[in-house]
Amino acid sequence: MKKVYGIVGHPVAKSLSPVMHNAAFKKEGIDAEYVLFDIDPDDPDNLANFCYETDLNNIAGFSVTMPYKEEMMVYMDHYDPLAKIVGSVNTVANEDSKLVGYNTDATGAIEALREKIDIKERKILILGAGGAARAIAYSLKEFGAEVYVYNRTKEKARALAMEFELEVIDFDKIPVGKFEIVINATPIGSPPNTEESLLHAEHLKGVYVVMDIITYPMKTQLLKEAEKAGAEIITGERMLLHQACGQFEIWFGKIAPIKEMELALYQELERRK
Ligand code: NAP
């Protein structure tokens with residue numbers, strides 16, 4: 001019987017995950033399909049019911065996106081240690097009717113960065129202290145980076161900094177020339193505020209690489225500012241691709257066909273232009 005995989009979130013209509021995973025299934029000859037599970041957050045029972053009915057619906061695994069990455073933890077029978085540490089799940093595997101939660105956002109971001117730069121001992125500023133920032137901050141520390149965090153809500157930045165031994169940066173005192181890598185893990189720059197950027201070229205002098213994890217638009221205002229400052233840029237779909245490869249590897253226990261997934265992703269992005 002054909003297995004079902006998909007993405008749980010709201011809204012998910014524009015998700016790029018189906019094209020990547022369906023391309024991987026095709027390449028590997030896996031009899032499965034990857035679909036959209038749009039779960040209305042207005043009724044709190046919806047997510048619980050979805051999780052309880054996975055076997056009934058032949059669901060072998062699913063990705064999790066906003067707004068459910070943290071809430072999903074409650075419905076897991078087990079978690080992978082990384083998901084537990086970062087407190088959010090973006091990947092669920094139905095393993096013998098037990099739901100096991102994983103987090104591939106962290107490794108996805110690291111892989112995207114490592115395509116351009118070595119991380120060890122780099123001074124890295126993360127903008128944001130939400131779910132994605134948390135996963136990225138933890139993994140960067142694991143890779144030996146010196147991590148700094150700025151967040152609109154200071155208490156959240158402080159709590160994150162205490163937990164993972166980071167340093168908090170005040171926005172009005174962002175030291176120019178200190179950081180080698182800057183990562184935006186806030187939604188600033190995504191619709192409807194595509195003209196906005198937390199940092200401008202003058203803040204980014206001396207930065208080698210700026211990564212924005214927003215996937216639309218591909219070149220955010222922050223990345224335009226980074227180019228003006230002479231930095232290399234990493235667009236958000238690189239993290240998306242690598243986190244999807246991590247999901248495939250969890251579900252199927254083998255290396256993801258990254259070339260096919262990448263091709264499908266860029267074809268879809270081109271089609272949507
Ligand atoms: P989240 O948990 O809701 O965190 C959002 C963060 O952004 C918080 O730190 C929040 O600050 C900050 N923020 C939100 N609006 C802001 C504003 N107007 N001004 C200043 N700061 C603001 O979200 P998330 O899951 O971490 O996701 C963050 C972004 O990353 C989203 O755009 C998401 O689509 C993207 N993402 C991309 C990938 C990928 O694969 N490329 C993966 C995961 C997430 P406060 O604490 O002050 O509220």
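Order of appearance sets the numbers: ligands from 1, and atoms from 1 within every ligand.
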Colleague: Check ligand 1 against G128 and write out every atom of the ligand that is under 4.0 Å from a heavy-atom position of the residue.
Modeller: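 Close to G128: 9 (O).
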
Colleague: Report yes or no: does K116 contribute a side-chain atom to a donor-acceptor pair with the main-chain N or O of I233 at less than 3.5 Å?
Modeller: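 At least one qualifying donor-acceptor pair exists.
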
Colleague: Does K273 have any side chain to side chain donor-acceptor pair (under 3.5 Å) partners at least two apart in sequence or in another chain, and if so, which?
Modeller: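 So K273 forms a side chain to side chain donor-acceptor pair (under 3.5 Å) with E270.
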
Colleague: In the protein, which heavy atom is nearest to atom 6 (C) of ligand 1, and how far is it?
Modeller: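 Answer, as residue, atom name and distance: A185 O, 3.9 Å.
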
Colleague: If you compare all heavy atoms of E70 against all heavy atoms of S88, which two are closest, and at what distance to 0.1 Å?
Modeller: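 Nearest heavy atoms, E70 then S88: OE2-CB, 4.0 Å.
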
Colleague: Look at the side chain of Y102 and the backbone N and O of P81, then say whether any donor-acceptor pair between them is shorter than 3.5 Å.
Modeller: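 The answer is no, because no donor-acceptor pair under 3.5 Å joins these two groups.
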
Colleague: Between I213 and ligand 1, which residue portion shows a heavy-atom distance shorter than 4.0 Å: side chain, backbone, both, or neither?
Modeller: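 For I213, backbone and side-chain atoms both sit under 4.0 Å from ligand 1.
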
Colleague: With heavy-atom distances below 4.0 Å as the criterion, list the atoms of ligand 1 near A129.
Modeller: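 That gives atoms 9 (O) of ligand 1.
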
Colleague: For the pair D105 and N90, evaluate side-chain hydrogen bond (donor to acceptor under 3.5 Å, both in side chains) and give the outcome as yes or no after the intermediate values.
Modeller: CA-CA 7 Å; D105 280 336; N90 81 328; 3.1 Å; yes

Colleague: In terms of side-chain heavy atoms, does D55 have a donor or acceptor partner in N94 at a distance below 3.5 Å?
Modeller: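 Side-chain D/A pair, D55 to N94: present.
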
Colleague: Please name all residues satisfying side-chain contact (heavy atoms from CB on, under 4.5 Å) with A32, sequence neighbours left out, ordered by chain then number.
Modeller: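 Counting only residues at least two positions away or on another chain, A32 forms a side-chain contact (heavy atoms from CB on, under 4.5 Å) with K3, Y5, F25, I30.
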
Colleague: Is K69 close enough to touch ligand 1? Criterion: a residue heavy atom under 4.0 Å from a ligand atom.
Modeller: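 Judged by the 4.0 Å heavy-atom criterion, K69 does count as contacting ligand 1.
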
Colleague: Closest non-hydrogen protein atom to atom 42 (C) of ligand 1, residue and atom name please, with distance?
Modeller: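 So the nearest neighbour among protein heavy atoms is M239 CE, 3.4 Å.
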
Colleague: In terms of residue, atom name and distance, what is the protein heavy atom nearest to atom 11 (O) of ligand 1?
Modeller: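 So the nearest neighbour among protein heavy atoms is N151 OD1, 3.2 Å.
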
Colleague: If the contact criterion is a heavy-atom separation under 4.0 Å, does G108 count as touching ligand 1?
Modeller: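 In this structure, G108 fails to qualify as a contact of ligand 1 - no heavy atom is under 4.0 Å.
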
Colleague: How close does the nearest protein non-hydrogen atom get to atom 26 (O) of ligand 1, and which residue and atom is it?
Modeller: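 Protein heavy atom with the smallest distance to atom 26 (O) of ligand 1: A132 N, 2.8 Å.
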
Colleague: Considering only heavy atoms, does T215 approach ligand 1 within less than 4.0 Å through its side chain, its backbone, both, or neither?
Modeller: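 Near ligand 1, T215 shows its side chain, while the N, CA, C and O stay back.
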
Colleague: Hey, does the side chain of D170 reach the backbone of D172 with a donor-acceptor pair shorter than 3.5 angstrom?
Modeller: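 Such a contact is absent between D170 side chain and D172 backbone.
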
Colleague: How far is atom 47 (O) of ligand 1 from its nearest protein heavy atom, and which residue and atom is that?
Modeller: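 Going by distance alone, atom 47 (O) of ligand 1 is nearest to T153 OG1, 2.4 Å.
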
Colleague: Can you tell me if S190 has a non-hydrogen atom under 4.0 Å from ligand 1?
Modeller: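 Judged by the 4.0 Å heavy-atom criterion, S190 does not count as contacting ligand 1.
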
Colleague: Which residue supplies the protein heavy atom nearest to atom 5 (C) of ligand 1, what is that atom called, and how far is it?
Modeller: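 Closest protein heavy atom to atom 5 (C) of ligand 1: P187 CD, 4.1 Å.
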
Colleague: Heavy atoms only, cut-off 4.0 Å: how does I188 contact ligand 1, side chain, backbone, both, or neither?
Modeller: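 For I188, the contact with ligand 1 is made by the side chain alone.
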
Colleague: Please work out, at 4.0 Å between heavy atoms, whether the side chain, the backbone, both, or neither of N193 comes within that distance of ligand 1.
Modeller: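 No part of N193 is near ligand 1 at this cut-off.
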
Colleague: Specify the protein heavy atom at minimum distance from atom 2 (O) of ligand 1: its residue, its atom name, and the distance to 0.1 Å.
Modeller: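 Among all protein heavy atoms, the one nearest atom 2 (O) of ligand 1 is G131 N, 2.9 Å.
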
Colleague: Just to be sure I'm reading this right: ignoring hydrogens, which of E196, M66, E237, K154 gets closest to atom 31 (C) of ligand 1? Compare them by their nearest heavy atoms.
Modeller: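 Of the listed residues, M66 has the closest heavy atom.
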
Colleague: Tell me the protein heavy atom at minimum distance from atom 48 (O) of ligand 1, and give that distance in Å.
Modeller: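 In this structure, atom 48 (O) of ligand 1 has R152 NH2, 2.8 Å as its nearest protein heavy atom.
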
Colleague: Between T54 and F50 (side chain of the first, backbone of the second, donor and acceptor by atom type, cut-off under 3.5 Å), is there such a pair?
Modeller: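 Flag not set: sc T54 to bb F50 has no pair under 3.5 Å.
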
Colleague: Looking at atom 45 (P) of ligand 1, would you say a protein heavy atom lies below 4.0 Å from it?
Modeller: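 So far as the 4.0 Å threshold goes, atom 45 (P) of ligand 1 is in reach of a protein heavy atom.
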
Colleague: Would you confirm whether D80, through its side chain, and V100, through its main-chain N or O, come within 3.5 Å as a donor-acceptor pair?
Modeller: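 Checking the backbone N and O of V100 against the side chain of D80, no donor-acceptor pair under 3.5 Å is found.
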
Colleague: Could you verify whether a donor N or O on one side chain and an acceptor N or O on the other, from E268 and Y266, lie under 3.5 Å apart?
Modeller: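 No, because no side-chain N or O of E268 sits under 3.5 Å from a partner of the opposite role on Y266.
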
Colleague: Does any N or O in the side chain of E180 come within less than 3.5 Å of the main-chain N or O of K123, such that one atom is a donor and the other an acceptor?
Modeller: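 Side chain of E180 to backbone of K123: a pair is present.
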
